[in-house]
Amino acid sequence: VQISRRIAVQEKHLWHWYMQGEDEQHMRQLAILQHLKDAVAEQQLNLVLQPKVDCVSGRAVGAEALLRWHHPVLGHVRPDEFIPLAEQSGEIGRLTRWVIVEAFSVLNKAENAGIDMKLSVNLSTVDLLSDTLPKLLSDYVDQFSANPSSLMLEITESAVMQDPENAIERLQQLKQRGFMVSIDDYGTGESSLAQLKRLPVDELKIDRSFVQHLPNDERDQIIVRSTIQLARELGLKTVAEGVEDDASWQLLQSMACAELQGYYFSKPLPIEEFFAWYQSH
Ligand code: C2E
Ligand code: MG
Ligand code: MG
Ligand code: MG
């Protein structure tokens with residue numbers, strides 16, 4: 001009796017503890033949703049730029065813009081945490097517009113500094129399927145007198161697969177307006193080869209999960225090598241993300257990957273630091 005009573009008490013504690021954890025997470029999500037609305041107006045967002053390098057020479061060729069949010073009370077909130085919530089709440093459009101304006105202003109600064117680079121920005125599923133996106137982007141191109149082909153739009157494979165027919169149509173419109181398109185996190189989103197063939201894109205970004213353990217994982221090597229070959233034969237450029245060591249770089253070079261991105265070259269950097277890095281690489 002005593003033992004079973006003790007177990008019951010323990011279970012109650014566990015349950016209580018579990019519920020508290022659930023509540024805390026829920027509260028945090030609510031707080032994120034509430035504060036996200038003001039993040040743009042309160043100037044709590046900024047972009048960091050992670051260099052992309054040429055696989056053969058290791059020289060800088062461009063960057064990916066990654067969103068950062070610092071809230072005075074919540075602190076740094078990771079994009080993996082707030083982007084999905086922003087998508088669900090409809091707040092994503094505002095964030096994406098902010099990112100795009102910042103991205104064009106980075107491209108302007110680069111041009112003024114005599115740097116010829118491509119800049120990638122991430123779009124969410126909601127952005128991709130919104131019918132105002134192509135015109136919005138073209139309006140910014142006019143406003144900034146920018147070259148649309150300097151902007152690479154990264155769309156995750158799973159975003160495309162959510163509604164392939166619409167996604168393909170939208171991607172075609174973006175390509176017609178001169179933007180470059182990249183399939184992000186490739187290999188995690190269950191697209192079929194038939195669909196890949198139909199996608200009007202310029203670049204495939206092999207997901208970090210296949211790249212991170214490349215030197216020690218023969219299966220990853222097989223997957224990455226054949227993906228690069230497939231992409232090449234379809235006329236797409238391949239980028240490997242998550243390159244963390246020299247051994248991975250050597251392997252990717254032997255596989256004739258086009259471009260690399262990862263901590264081995266640089267973490268995402270604040271804009272001014274990025275320009276300094278770029279010019280010395
Ligand atoms: P992503 O687009 O696949 O971006 C790559 C992520 O991998 C970034 O994380 C980057 O910091 C990280 N990374 C790069 N190199 C390495 C490496 O060598 N090792 C490891 N462990 N990680 C590396 P981050 O900045 O936390 O962004 C996470 C995700 O959030 C992004 O994945 C993207 O899906 C989303 N995201 C970020 N910014 C935006 C944005 O402006 N709009 C949208 N819609 N999504 C964004
Ligand atoms: Mg990306
Ligand atoms: Mg990615
Ligand atoms: Mg990712």
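Each ligand, and each atom within it, is numbered from 1 in the order the structure gives. Excluded from the calculations below are hydrogen atoms, water molecules and symmetry mates; all remaining heavy atoms, backbone and side chain alike, are included. Just so it is clear, the model here is predicted, and its values are computed rather than measured.
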Kindly confirm whether the Mg ion (ligand 2) is within less than 2.8 Å of some N/O/S atom in [X]?
| X | result |
| --- | --- |
| E154 | yes |
| S182 | no |
| D185 | no |

Which residue, E157, E154, E259, forms the salt bridge (Lys or Arg N to Asp or Glu O under 4.0 Å) with K205?
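Looking at E157, E154, E259, the match for K205 under the salt bridge (Lys or Arg N to Asp or Glu O under 4.0 Å) is E154.
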Donor-acceptor contact below 3.5 Å, side chain [X] vs main chain [Y]:
| X | Y | value |
| --- | --- | --- |
| W249 | C55 | yes |
| E241 | D207 | no |
| D185 | T188 | no |
| R59 | D54 | no |
| D245 | S248 | yes |

Show, in sequence, the C-alpha distance, side-chain angles and deciding distance for E91 and R94, and conclude whether the salt bridge (Lys or Arg N to Asp or Glu O under 4.0 Å) test is met.
CA-CA 6 Å; E91 206 55 39; R94 199 200 310 247; 2.6 Å; yes
Please report whether ligand 1 has a polar contact with R78, defined as an N or O pair separated by less than 3.5 Å (distance criterion only).
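In this structure, R78 places no N or O atom under 3.5 Å from an N or O of ligand 1.
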Would Y264 count as being in polar contact with ligand 1, using the rule that some N or O on each side must be under 3.5 angstrom apart?
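No.
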Near the Mg ion (ligand 3), is there an N/O/S atom from D207 that is less than 2.8 Å away?
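Checking D207: none of its N, O or S atoms is under 2.8 Å.
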Under 4.0 Å from any heavy atom of [X], which atoms of ligand 1 are there?
| X | value |
| --- | --- |
| R208 | 6 (C), 7 (O), 12 (C), 13 (N), 20 (C), 21 (N), 22 (N), 23 (C) |
| E244 | 17 (C), 18 (O), 19 (N), 20 (C), 21 (N) |
| Q212 | 19 (N), 20 (C), 21 (N) |
| G262 | 15 (N), 18 (O) |
| S124 | 44 (N) |
| V243 | 18 (O) |
| Q50 | 14 (C), 15 (N) |
| P268 | 11 (O) |

Heavy-atom distance to [atom]: which of [options] wins?
| atom | options | result |
| --- | --- | --- |
| atom 2 (O) of ligand 1 | V121, D184, D127 | D184 |
| atom 28 (C) of ligand 1 | I100, L123, D80 | D80 |
| atom 5 (C) of ligand 1 | K205, E241, E87 | E241 |

Do you know which of I183, L153, L196 makes side chain to side chain contact (heavy atoms under 4.5 Å, CB included) with V201?
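For V201, the side chain to side chain contact (heavy atoms under 4.5 Å, CB included) test succeeds with only one of I183, L153, L196, which is I183.
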With distance as the sole criterion, is a donor-acceptor pair present between the side chains of [X] and [Y] under 3.5 Å?
| X | Y | answer |
| --- | --- | --- |
| S105 | N108 | no |
| E203 | S182 | yes |
| D127 | S130 | no |

Does one hydrophobic cluster hold both V48 and L151, with members joined at side-chain heavy-atom distances below 4.5 Å?
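No: no chain of side-chain contacts under 4.5 Å links V48 to L151.
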Honestly curious: do L171 and V141 fall in one hydrophobic cluster under the side-chain, below-4.5 Å linking rule?
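In one cluster with L171: V141, yes.
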For the pair E165 and R198, evaluate salt bridge (Lys or Arg N to Asp or Glu O under 4.0 Å) and give the outcome as yes or no after the intermediate values.
CA-CA 10 Å; E165 292 310 315; R198 290 176 58 213; 3.3 Å; yes
Under a 4.0 Å heavy-atom limit, does [X] contact ligand 1 with its side chain, its backbone, both, or neither?
| X | value |
| --- | --- |
| K267 | neither |
| V48 | neither |
| N122 | both |
| Q261 | neither |
| L67 | both |

Which atom, counting only N, O or S, brings D184 closest to the Mg ion (ligand 3)?
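Per the distance ranking, D184 contributes OD1 as its closest N/O/S atom to the Mg ion (ligand 3).
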Heteroatom of E241 nearest to the Mg ion (ligand 3) (N, O or S, atom name):
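It is OE1, the N, O or S atom of E241 closest to the Mg ion (ligand 3).
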Out of curiosity, M117 CE to K109 NZ, how far, rounded to the nearest 0.5 Å?
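Spacing of CE (M117) from NZ (K109) equals 11.5 Å.
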Atom of E64 nearest the Mg ion (ligand 2) (restricted to N/O/S, atom name only)
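Considering only N, O and S atoms, E64 comes nearest to the Mg ion (ligand 2) through OE2.
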